[in-house]
Amino acid sequence: MDWLAVSDAEWTAILLSLRVATVAMICSLPFALAIAMLLARGRFWGKTLLNGLVHLPLILPPVVTGFLLLLLFGRRGPLGAFFADYFGLVFSFRWTGAALASAVMAFPLMVRSIRLSIEAIDRKLEDAATTLGASPPWVFATVTLPLIIPGIIAGMIIAFAKAMGEFGATITFVSNIPGETQTLSSAIYTFTQVPGGDAGAMRLTIISVVISMAALIFSELLATFAARRVAAQ
Amino acid sequence: MSLTIEARHQFGSFSLDAAFTSDGGVTALFGRSGSGKTSLINIIAGLLKPQSGRVVLDGDVIADSERRIFTPVHRRRFGYVFQEARLFPHLSVRRNLAYGRWFAGKSGSGGDFARIVEMLGIGHLLERNPSALSGGERQRVAIGRALLAAPRLLLMDEPLAALDEARKAEILPYLERLRDDAGIPIVYVSHSVGEVARLARRVVVLENGRVTASGAAAEVLSAPAAMLATGRREAGVLLEGEVEGTDPSHELTTVRVGRERLRIAGVSAAPGSRLRVHVAARDVMLATSRPVEISALNVLEGRILAIATEEDGSVDVRVTCGDATIAARITRFSRDALALVPGKTVYAIIKSVAIDH
């Protein structure tokens, strides 16, 4: 059973992946909620364009997305220089860059899930809240938000799973530096590139399956709980 | 209290151009589906912004398109009871009820809450979820929720339309108590003559987006013009009387209308209270001599006031019986066979069970 023993370097990759996926999921949530609201409710010029832009990472080859991120958020990229100068936040070849790449790749899935749940809301309930004296922000906080919680949870879990598995854009943008940007996926890839690395790749693959299954079961439990609270009329 | 509404709005090929005023109590907006009732009440609520119009309550201009005033819905403090209850599914009944109170800044006063919950008989439902309520219970909670927001005006859009007869009968007494106790002016949308007859002080008849009649309930609902909007089947007269008493063994209530007495089945009303009943013209028979050994309990002697000819072989005969006018719809054949002419003495026969109350 020796081959099941996880080395320190592998633990680092696992923990890094969990951190990258969690940060990507949490940081993209407010933006995904705002964009989903805009796409579901807004009527403005350029809505189709915005929708296309949001979905771009889903249809572009991940390498292309990674390269575009490198151009924009690299040290000399316009956005990368801005963040580095004003917030001291450097993305290139750091774990933060891996989180950014995962967030961008998972973003369309999260927006989609939240948008669908917003569109499923009976807007008559919001009208009813307005007639009871609730201003638009209060209607959102007390009626809209509680009713879309199941969609938000589903979106977060699917984004987490996508971020865990993200490979192409990450390796293009921040490379594969052990201890800094080597995530679970990159580590498996590295193992497959060296002779005798099969056992290591297998170990990490099993761990990857366990983490994904756990996330899925957790989301099912949350969704059941939320659905019970928001029992249909 | 005074309410003035004017609204003009174009939706595709349908145009709404309606105006009415109310001086309190229950004002019924009455008409068929598609006549613009719901659009008009949504304009009052502010959910629909008309192309031009005015909403003035007690001299306070809520909306005026010419002066570019438009108070947003949540600042109008107009309670709205919708056709479907629209309770918040994620909140318990208690929190649904409390929702509007919080925005009205009344979260501290518990007296109102207890009184309204008691009036609507929903005390035993407070901890439940809306999904566990029957249709009638939901609608009562919705009424309570609107009232607890301390509205200046209560709008009700066919609150009973989605319910069966038994549930309607369950809620109507609460609406009567609301009208008599709460002192809030109510605009009540309905297409049911029975409901309007029972609740409304004033009636505004809408047809194709236009007001075709408006005035006191008894006048509007008894006028032949009401037939246009309500369909000929519903045409009839509205009588108002005082309840004299109930015969409990037969569940028959006697109502005195002027000098006449009507006996009505299945009413729960205290002696001395006022009751309005609607007698549909199609439910009234005429005889030229007093009938004997007949199951109908109400036989009123009167004189024919007028006979109006209708298109489909029937005639509408209006008969004065003491202080009340009754309308009867009979065939032209019967008119000729009985030789009915204005001034002739006839007996109007009304089945007790046919009276809408």
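Letters A, B, ... are given to chains in the order of the sequence lines, protein chains preceding strands, and every chain is numbered from 1. The figures here come from the full heavy-atom set of this structure, side chains too, leaving out hydrogens, waters and symmetry mates. All of these numbers come straight from a predicted model, not from anything done at the bench.
Legend: residues meeting ring-ring contact (aromatic ring centres under 6.0 Å, His included) with B:H74, ordered by chain and number and at least two apart, are absent. Every residue two or more places apart in sequence or in another chain that forms a ring-ring contact (aromatic ring centres under 6.0 Å, His included) with A:F167 is listed here: A:Y189.
B:F78 touches chain A through its backbone: at least one of N, CA, C or O sits under 4.5 Å from a heavy atom, while the side chain does not.
Among A:L132, A:T142, A:V139, the residue with the largest count of heavy-atom pairs under 4.5 Å with chain B is A:L132. Counting heavy-atom pairs under 4.5 Å between each of B:L47, B:L133, B:V81 and chain A puts B:L47 at the top.
Ring planes of B:Y99 and B:F88: tilted class, angle from 30 to 60°.
Among all heavy-atom pairs drawn from B:L40 and B:A18, the shortest one is CD2-CB, 4.1 Å.
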